[in-house]
Asker: 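Here it is, the structure, as structure tokens.
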Amino acid sequence: MTLKELEPQLLSLTPPPEKAQAIQILAQSLANTWQGIEKTPGVVGGNARIAGTRISVWGLVESRRLGATDAQLLEDYPHLSASDFKNAWAYAEAFPDEIEAVIKLNDID
């Protein structure tokens with residue numbers, strides 16, 4: 001996607017919450033750092049994960065696709081917080097191709 005294609009969508013965002021979130025996503029992407037998300041070679045295959053855990057973003061996304069609600073995930077992972085999931089969903093939304101590729105790689109049907 002080019003900036004010219006993206007510009008109308010950016011301009012249509014609801015100010016200020018959505019625009020602020022878009023700026024935050026762009027800044028994190030430029031810095032290649034994501035609040036609450038880590039990538040470490042050798043830990044969960046080097047894939048994006050909740051910081052300080054071995055819980056992958058792609059695994060959470062796949063659980064959600066299989067019907068798990070955020071409430072169920074919070075129950076399944078009591079040591080995680082709602083902000084951990086918010087960070088995971090933001091990362092997954094920003095990098096859908098990466099998440100899809102890892103899900104496909106780990107699909108054992």
Side-chain angles (χ1 to χ4, degrees):
M1 176 177 287
T2 67
L3 183 56
K4 186 174 180 116
E5 295 168 330
L6 183 60
E7 186 176 3
Q9 293 172 317
L10 289 172
L11 293 173
S12 71
L13 292 174
T14 305
E18 287 183 346
K19 289 184 178 183
Q21 186 177 8
I23 291 168
Q24 181 182 16
I25 289 169
L26 288 170
Q28 288 175 329
S29 179
L30 284 171
N32 201 22
T33 61
W34 286 84
Q35 182 177 353
I37 304 295
E38 296 176 334
K39 283 183 169 181
T40 306
V43 179
V44 296
N47 296 305
R49 61 188 169 82
I50 302 296
T53 74
R54 297 181 69 80
I55 300 169
S56 65
V57 173
W58 74 265
L60 293 172
V61 169
E62 185 67 358
S63 292
R64 203 183 212 190
R65 286 187 186 163
L66 294 171
T69 64
D70 285 3
Q72 289 170 319
L73 291 171
L74 278 168
E75 194 173 300
D76 291 343
Y77 300 99
H79 55 288
L80 296 183
S81 67
S83 64
D84 290 324
F85 290 107
K86 180 181 174 190
N87 294 336
W89 308 146
Y91 184 91
E93 189 174 319
F95 298 101
D97 294 340
E98 173 188 328
I99 299 302
E100 289 304 317
V102 180
I103 288 173
K104 192 172 197 174
L105 182 67
N106 288 280
D107 188 13
I108 313 174
D109 283 343

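Just so you know, these numbers use all the heavy atoms, side chains as well, and skip hydrogens, waters and symmetry mates.
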Asker: Crowded around E100 CD? As in, over 12 foreign heavy atoms under 6.0 Å?
Answerer: yes
Asker: Report yes or no: does Q72 contribute a side-chain atom to a donor-acceptor pair with the main-chain N or O of T69 at less than 3.5 Å?
Answerer: yes
Asker: Got a second to check how far L26's CG is from L6's CG, nearest 0.5 Å?
Answerer: 8.0 Å
Asker: What's the spacing between N47 CG and E38 CD if we round to 0.5 Å?
Answerer: 13.5 Å
Asker: Can you tell me if Q35 uses its side chain to pair, donor with acceptor, with the backbone of N87 under 3.5 Å?
Answerer: no
Asker: State, to 0.1 Å, how close V43 and R49 come at their nearest heavy-atom pair, and which atoms those are.
Answerer: CG1-NE, 3.2 Å
Asker: Which pair of heavy atoms, one from Q9 and one from E5, lies closest together, and at what distance?
Answerer: OE1-O, 4.2 Å
Asker: Quick one: pull up CD1 in I50 and OH in Y77 and give me the separation to the nearest 0.5 Å.
Answerer: 10.0 Å
Asker: Going by heavy atoms in the side chains, are R64 and D70 under 4.5 Å from each other?
Answerer: yes
Asker: Other residues, nucleotides and ligands only: do more than 12 of their heavy atoms fall within 6.0 Å of CD on E18?
Answerer: yes
Asker: What distance do L74 atom CG and S81 atom OG have between them, rounded to the nearest 0.5 Å?
Answerer: 8.0 Å
Asker: Working to the nearest 0.5 Å, report the span between OG of S56 and CD1 of I99.
Answerer: 8.0 Å
Asker: How about CD on E75, more than 12 heavy atoms from neighbouring residues, nucleotides or ligands closer than 6.0 Å, or not?
Answerer: no
Asker: Taking atom NZ of K86 as the centre, report whether more than 12 heavy atoms of other residues, nucleotides or ligands fall under 6.0 Å from it.
Answerer: no
Asker: Calculate, to the nearest 0.5 Å, the distance between atoms CD1 and CG belonging to I55 and L80 respectively.
Answerer: 4.0 Å
Asker: With a 4.5 Å cut-off on side-chain heavy atoms, are V57 and E98 touching?
Answerer: no
Asker: Heavy atoms only: give me the nearest R54-V44 pair and the separation to one decimal.
Answerer: O-CG1, 3.2 Å
